S.K.: 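If you scroll down you'll find the structure; I have some questions about it.
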There are 2 protein chains.
Amino acid sequence: MDVRWLDDHERAAWVRLAAVLELLPGVLDAQLRRDAGLTHFEYFVLAMLSESPEGALRMSALAAQTNATLPRLSHVVRKLSDRGLVRRSAAPGDARATDVALTEEGWTKIRETAPGHVAQVRRHVVDALTPAQIDQLAGIAEAILGRIDPDRRFAANLRES
Amino acid sequence: MDVRWLDDHERAAWVRLAAVLELLPGVLDAQLRRDAGLTHFEYFVLAMLSESPEGALRMSALAAQTNATLPRLSHVVRKLSDRGLVRRSAAPGDARATDVALTEEGWTKIRETAPGHVAQVRRHVVDALTPAQIDQLAGIAEAILGRIDPDRRFAANLRES
DNA sequence: TCCTGATAGTTGTATCAACAACTTATCCCG
DNA sequence: CGGGATAAGTTGTTGATACAACTATCAGGA
């Protein structure tokens, strides 16, 4: 088995990407925990709901949009429900299914939280790049997604405010 | 508080980057768990050791290079030690400190594991990009790191083969 | 010398995510 | 109109990480 190792350019790029992969999630998570008492994943769940018509989604649809397994989502939704941010209701027409909807407090929470999160994204990512780099980044990430998520189960309708 | 929301270009780039942030670690982790029974973090620990002179490092130095807290590293090293991949020894000259070194089995493990991991990185990242994009990516990641890790505590001596 | 503060690590606890097992309901085909 | 197969969620258990508390050692100054 002979290995195609990375050349200098490739390694420089990968090493830096790996560092971003390691550090950036922690930075975003920390701000949300501190300022809103939310995990990044919990924030993302609320955000996806807020962008759906009526602020409600079927559990399995929500799981697909957030790239979560159903068990994971179930636990998280239960806790969000305990905190009064979402409400669960039996889905009309299919007795197996459950619909999740933002409560009034949930709407308030996401409206209050989004600006700080966007500011964080701006500070640490968007504003660090030139307009040309922004477009390059879109192309690069798109190309990588073509490999790791070929049928766009996840990234399809992503729209983080 | 008026918010500077993201425009279309910015959002396109961020949404895709966020998707990569969400999916890529899982892909890399899965391959290592399946083929080597190692967490990505455990692999990274072994890799950092393998690139140090003598294959040994002080605990705190290893923690810095892997961006881990000392408690986290302590737990992981204990388990790697139980599996016979590393050995802990009192550091000469400072009775507080601990040196961690790869065992012969540890060397074997990292040599066997590296090719598959590099292949994975190639398949999902490097080979998805043009040479121009490789260089763009290095620049973009570098710029982001300038914001999230200004004094390069982490990315300094990163050298993932 | 001795005392204070800082450094290096370990251990224990609570939180979060992955996986497996289970319940209930729906679909579809004979 | 059964009945097996699939789908939707929930619950329980395990493994992993963050955080806090603790022990032991070193460094430096009164």
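Every chain is numbered from 1 and lettered A, B, ... according to where its sequence line falls, protein lines coming before strand lines. Please read all numbers here as calculations on a predicted model, not as lab measurements.
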S.K.: Using atom types as modelled and distance alone, determine if a side-chain donor or acceptor of Thr113(A) lies under 3.5 Å from a backbone N or O of Ile110(A).
M.R.: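 Not confirmed, Thr113(A) side chain does not pair with Ile110(A) backbone.
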S.K.: Check whether Arg58(B) reaches the backbone of Ala91(B) with its side chain - one donor and one acceptor, N or O, closer than 3.5 Å.
M.R.: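 Absent.
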S.K.: Rounded at 0.5 Å granularity, tell me how far CG in Leu23(B) sits from CG in Asn67(A).
M.R.: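 Between Leu23(B) CG and Asn67(A) CG, I get 5.0 Å after rounding to 0.5 Å.
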S.K.: Rounded to the Å, how far apart are Asp99(B) CG and dA8(C) P?
M.R.: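 My rounded result for the distance is 13 Å.
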S.K.: Should we say atom CZ of Arg88(A) is surrounded by more than 12 heavy atoms from elsewhere, each under 6.0 Å from it?
M.R.: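 More than 12 within 6.0 Å, yes.
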S.K.: Working to the nearest 0.5 angstrom, can you tell me the gap between Ile134(A) CD1 and Ile140(B) CD1?
M.R.: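 Answer rounded to 0.5 Å: 8.0 Å.
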S.K.: When you check the side-chain N and O atoms of Arg123(A) and Gln120(A), is any donor under 3.5 Å from an acceptor?
M.R.: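 Yes - a donor-acceptor pair under 3.5 Å links their side chains.
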S.K.: Within the side chain of Thr103(A), is there an N or O that forms a donor-acceptor pair under 3.5 Å with the backbone of Gly84(A)?
M.R.: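 Yes; at least one donor-acceptor contact below 3.5 Å.
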S.K.: Of all nucleotides in DNA chain D that come within under 4.0 Å of a heavy atom of chain B, which is furthest toward the 5' end and which toward the 3' end?
M.R.: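 Nucleotide range in contact with chain B: dA16(D) to dC26(D).
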S.K.: Please list residues of residues 53-61 of chain B whose heavy atoms come under 4.0 Å from any atom in DNA chain C, ordered by number; otherwise none.
M.R.: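 Hits under 4.0 Å, by residue number: Arg58(B), Met59(B), Ser60(B).
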S.K.: Return yes if some donor-acceptor pair links the side-chain N/O of Asp99(B) with the main-chain N/O of Ser89(B) below 3.5 Å, else return no.
M.R.: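 Absent.
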S.K.: Given the rule in the side chain to side chain contact (heavy atoms under 4.5 Å, CB included) test, do Leu32(B) and Thr39(B) qualify, once you have shown the distances and angles that lead to the verdict?
M.R.: CA-CA 6 Å; Leu32(B) 285 169; Thr39(B) 302; over 6 Å; no
S.K.: Listing request: all side chain to side chain donor-acceptor pair (under 3.5 Å) pairs with a residue in residues 74-84 of chain A, at least two apart in sequence or in separate chains.
M.R.: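 Non-adjacent pairs meeting side chain to side chain donor-acceptor pair (under 3.5 Å): zero.
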S.K.: Mind listing the N/O atom pairs, protein and nucleotides 2-7 of chain C, below 3.5 Å?
M.R.:
residue, atom, partner, partner atom, Å
dT7(C), O2, Arg96(B), NH1, 2.9

S.K.: About how many Å separate CG of Leu73(B) and CD of Gln65(B), when rounded to the nearest 0.5 Å?
M.R.: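 Atom-to-atom, Gln65(B):CD and Leu73(B):CG are 11.0 Å apart.
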S.K.: I would like to know whether Leu85(B) and Glu42(B) meet side chain to side chain contact (heavy atoms under 4.5 Å, CB included); could you show each step before the answer?
M.R.: CA-CA 10 Å; Leu85(B) 299 175; Glu42(B) 292 171 333; over 6 Å; no
S.K.: Specify the residue among Arg78(A) and Thr69(B) whose closest nucleotide of DNA chain D lies further upstream toward the 5′ end.
M.R.: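 Checking each residue's closest nucleotide, the 5'-ward one belongs to Arg78(A).
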S.K.: Starting at CD of Glu105(A), measure out to CZ of Arg87(A) and round the result to the nearest 0.5 Å.
M.R.: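 Here the rounded value is 9.0 Å.
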S.K.: Heavy atoms within less than 4.0 Å of DNA chain D: which residues of residues 83-91 of chain A have one? Give them sorted by number.
M.R.: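 Hits under 4.0 Å, by residue number: Arg88(A).
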S.K.: Using atom names, set out every protein N or O paired with an N or O of nucleotides 13-17 of chain C below 3.5 Å, distance rounded to 0.1 Å.
M.R.:
residue, atom, partner, partner atom, Å
dC16(C), OP2, Lys79(A), NZ, 2.6
dA17(C), OP1, Arg72(A), NH2, 3.1

S.K.: Once rounded to the nearest 0.5 Å, what's the spacing between atom CG of Leu49(A) and atom CZ of Phe44(A)?
M.R.: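 CZ of Phe44(A) is found 11.0 Å from CG of Leu49(A).
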S.K.: Side chain of Arg16(A), backbone of Ala12(A): donor and acceptor closer than 3.5 Å?
M.R.: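 Here the side-chain-to-backbone pair exists.
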